[in-house]
Each structure stands twice: as structure tokens, then as C-alpha cells.
Amino acid sequence: EYIPQPFDIKALPSCTAQYGTVRVRSGNGALTSASILAAPSAFNHTLPYDVTAKIAQNGALYIDDLPPGTYTFRAKDICGDVKDQEVVVEGYTGPGDAFKFVPNCGAFSIDMHDSSNGMENAGYWLQYYNEMTNTWINPNYGEAYIEGTVPGATTGIGLYNNQVRPNFEYSGKMRVVKKFESFGDGTSQNTMCIAVLGEFRYTDTLAITAAYTLACAGEPNNVILEIMGYPVTYKIVAKNGQPLLVDNGADNIFRNLDP
């Protein structure tokens with residue numbers, strides 16, 4: 001006795017910002033035809049829109065670059081079963097502050113917190129900028145990373161979402177790279193999406209790079225210090241050669257100082 005199997009529909013964000021992708025498949029076997037019956041106004045095609053050409057060799061439908069919104073797909077499989085399915089497509093929205101760079105004395109940590117909607121098989125890597133070759137590398141290997149490709153063990157140091165990886169003892173320019181996947185267009189092979197989440201610089205030396213008053217802001221008795229290197233606390237220990245203690249904690253602006 002023939003027992004029809006359910007159809008399946010799934011949406012993933014695209015690599016392209018503010019677009020999404022969809023996969024439709026049948027538990028009975030290959031699809032033979034597919035169309036879009038309903039779509040948001042930004043979908044610039046007359047409905048119903050035939051997407052049979054997007055059925056891949058494995059019998060499933062894959063379509064990309066869809067504007068966000070609610071869609072209704074109709075698909076027919078090899079057994080003649082027809083199914084209408086609704087799906088909400090979300091455009092890719094970047095994660096904002098996906099990681100926190102935590103400098104310490106002699107080393108730094110990376111605290112990953114990626115809350116974006118591009119999370120399909122997501123991966124994260126720390127890379128070091130080699131100023132001699134103008135390339136990004138894994139500092140333990142030195143192999144040049146090719147932009148747009150998925151980093152590997154020899155071109156990046158693996159990070160994990162919602163985890164802290166401590167004790168990186170590298171000095172220089174760094175960045176965090178993310179990989180996630182979206183559905184392809186007429187192919188069962190997923191598209192690899194590569195995004196640079198941010199850059200930062202760590203130095204294992206400590207220096208005051210700037211010290212100036214805020215006279216231009218109407219606050220001539222306020223002094224701001226800019227520090228390169230480790231996390232520090234700010235103190236005044238002398239004035240005019242005489243001992244004076246002003247403990248400013250982690251605040252780099254000393255306010256209302258006497259002349």
C-alpha cells in the first residue's frame with residue numbers, strides 16, 4: 001500500500017545581505033515541477049512563477065536571492081502528489097558585535113557571541129596579518145589565506161560560538177572571520193558565505209600614545225589619556241614634583257583638575 005510521505009521546506013539567509021534562500025523536497029522522491037504562488041511585493045515576477053528549472057539533480061528545489069517575506073510554493077513529485085507550502089524568508093542580518101576582544105597582560109582572549117540569523121554550519125577563525133607579505137595567516141603556520149575561501153587549520157585558528165578562547169600570545173593586527181552556509185540556486189551544493197566580523201590590534205608593550213585637554217569641548221580642566229597595550233588603571237601620582245594620588249580606576253579622563 002502506497003503511503004504518501006511529507007514534503008519539506010526550509011529557508012536560510014543568503015550570503016547577500018537582505019536576501020534569503022529556500023529548499024523544497026518531497027519524502028516520496030524527486031520533484032517534477034515547482035512554482036511560487038504567493039510572494040512579497042519585492043519579488044519582481046508575475047505570479048504564479050514557474051521555478052521548475054531550479055530543481056537540482058537530486059530532485060529537490062533550490063532557489064536563492066529571494067527578497068524577505070512570506071512565500072507559498074507548490075511542488076509536484078514523481079508520485080504525482082502536489083503540495084502547497086508556506087515559508088517565511090529572512091534576509092541575512094549581520095551579527096553586530098559578534099565577538100569581544102579581551103586584552104590582558106602578555107596575552108588576549110576572544111569571547112564569541114554571534115547572534116545573527118546566518119548560523120547554518122557556522123564556523124569562526126582568528127587570523128593574523130602578516131605585514132611582510134600583506135596576507136592573513138594562522139601565525140603558527142604562515143600559509144597565506146585566499147580571500148573568499150573557507151579558512152582551514154593552516155590559515156586560521158578555530159573559535160567556537162558562545163565560548164571564550166583565552167591566552168593568545170600574538171602581537172599585531174588580528175581579525176575574526178566567519179563562515180556560514182546558504183542554499184544554492186538550482187544545485188544541491190550549499191553556498192559558502194564568508195564574512196569578516198571585525199579587526200583589532202594587540203601589542204605586548206605599554207605606552208601612552210596621546211595626552212591632551214578637552215579645551216575644544218569647553219572643558220579645559222579635563223585631561224584624556226590614550227593608552228596602547230595592556231588594560232590599565234589610571235592614576236596621578238605627583239603634581240609639580242610633589243606627591244599627589246588621584247586614583248581614576250579604568251576611566252581615562254581626569255576631570256576638573258586644578259591648574
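It should be emphasised that the depicted structure is a prediction, and the values quoted were computed from it without experimental measurement.
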query = Which pairs with one or both residues in residues 25-76 pass disulfide bond (SG atoms under 2.5 Å apart), sequence neighbours excluded?
reply = none
ask   = Would Trp136 and Lys173 satisfy side-chain contact (heavy atoms from CB on, under 4.5 Å), going step by step from the backbone distance to the final call?
value = CA-CA 9 Å; Trp136 293 95; Lys173 184 178 178 181; 4.0 Å; yes
Glu143 and Asn138, any side-chain heavy atoms less than 4.5 Å apart = no
message = Please tell me whether Phe99 and Tyr124 form a close aromatic pair, meaning their ring centres lie under 6.0 Å apart.
response = no
query = Under a single-linkage rule joining Ile, Leu, Val, Met, Phe, Trp and Tyr whose side-chain heavy atoms are separated by less than 4.5 Å, which residues share a cluster with Tyr141?
reply = none
Can you give each donor-acceptor pair under 3.5 Å made by side-chain atoms of residues 62-81, sequence neighbours left out, with the distance rounded to 0.1 Å?
from	atom 1	to	atom 2	distance (Å)
Tyr62	OH	Asn58	ND2	3.0
Tyr71	OH	Pro67	O	2.6
Arg74	NE	Asp84	OD1	2.7
Arg74	NE	Asp84	OD2	3.4
Arg74	NH2	Asp84	OD2	2.9
Asp77	OD1	Cys79	N	2.9
Asp77	OD1	Gly80	N	3.2
Asp77	OD1	Asp81	N	3.0
Asp77	OD2	Ser26	OG	2.7
Asp77	OD2	Asn28	ND2	2.7
Asp81	OD2	Tyr2	OH	2.6
Asp81	OD2	Asn28	ND2	3.1

message = Can you confirm whether Glu199 sits close enough to Gln127 that some side-chain heavy atom of one is under 4.5 Å from a side-chain heavy atom of the other?
response = no
ask   = Are any of the side-chain nitrogens in Glu147 or Arg175 under 4.0 Å away from the carboxylate oxygens of its partner?
value = yes
request  = Just jot down the side chain to side chain contact (heavy atoms under 4.5 Å, CB included) partners of Glu131, sequence neighbours excluded, or say none.
outcome  = Tyr129, Arg201
remark   = d(Asp114 CG, Asn117 CG) to nearest 0.5 Å is 9.5 Å
remark   = The complete set of disulfide bond (SG atoms under 2.5 Å apart) pairs with one or both residues in residues 3-67, sequence neighbours excluded, reads Cys15-Cys193
message = Starting from Phe180 and following side-chain heavy-atom contacts under 4.5 Å between hydrophobic residues (I, L, V, M, F, W, Y), which residues can be reached?
response = Tyr92
message = Counting C-beta onward and ignoring hydrogens, is there a side-chain heavy-atom pair between Met174 and Phe101 closer than 4.5 Å?
response = no
inquiry  = Check whether Thr155 reaches the backbone of Ile137 with its side chain - one donor and one acceptor, N or O, closer than 3.5 Å.
reply    = no
task = Report yes if some heavy atom in the side chain of His45 is under 4.5 Å from a heavy atom in the side chain of Ile36; otherwise report no.
result = no
task = State yes or no: are the ring centers of Tyr170 and Tyr128 separated by less than 6.0 Å?
result = no
message = Is any side-chain heavy atom of Asn162 closer than 4.5 Å to one of His113?
response = yes
ask   = So does Ile146 have more than 12 non-hydrogen atoms from other groups sitting under 6.0 Å from CD1?
value = no
inquiry  = Do Glu181 and Leu12 make a side-chain contact, defined as non-hydrogen atoms from C-beta onward lying under 4.5 Å apart?
reply    = no
ask   = Within a strict 4.5 Å, meaning less than it, do heavy atoms of the Ile157 and Pro139 side chains meet?
value = yes
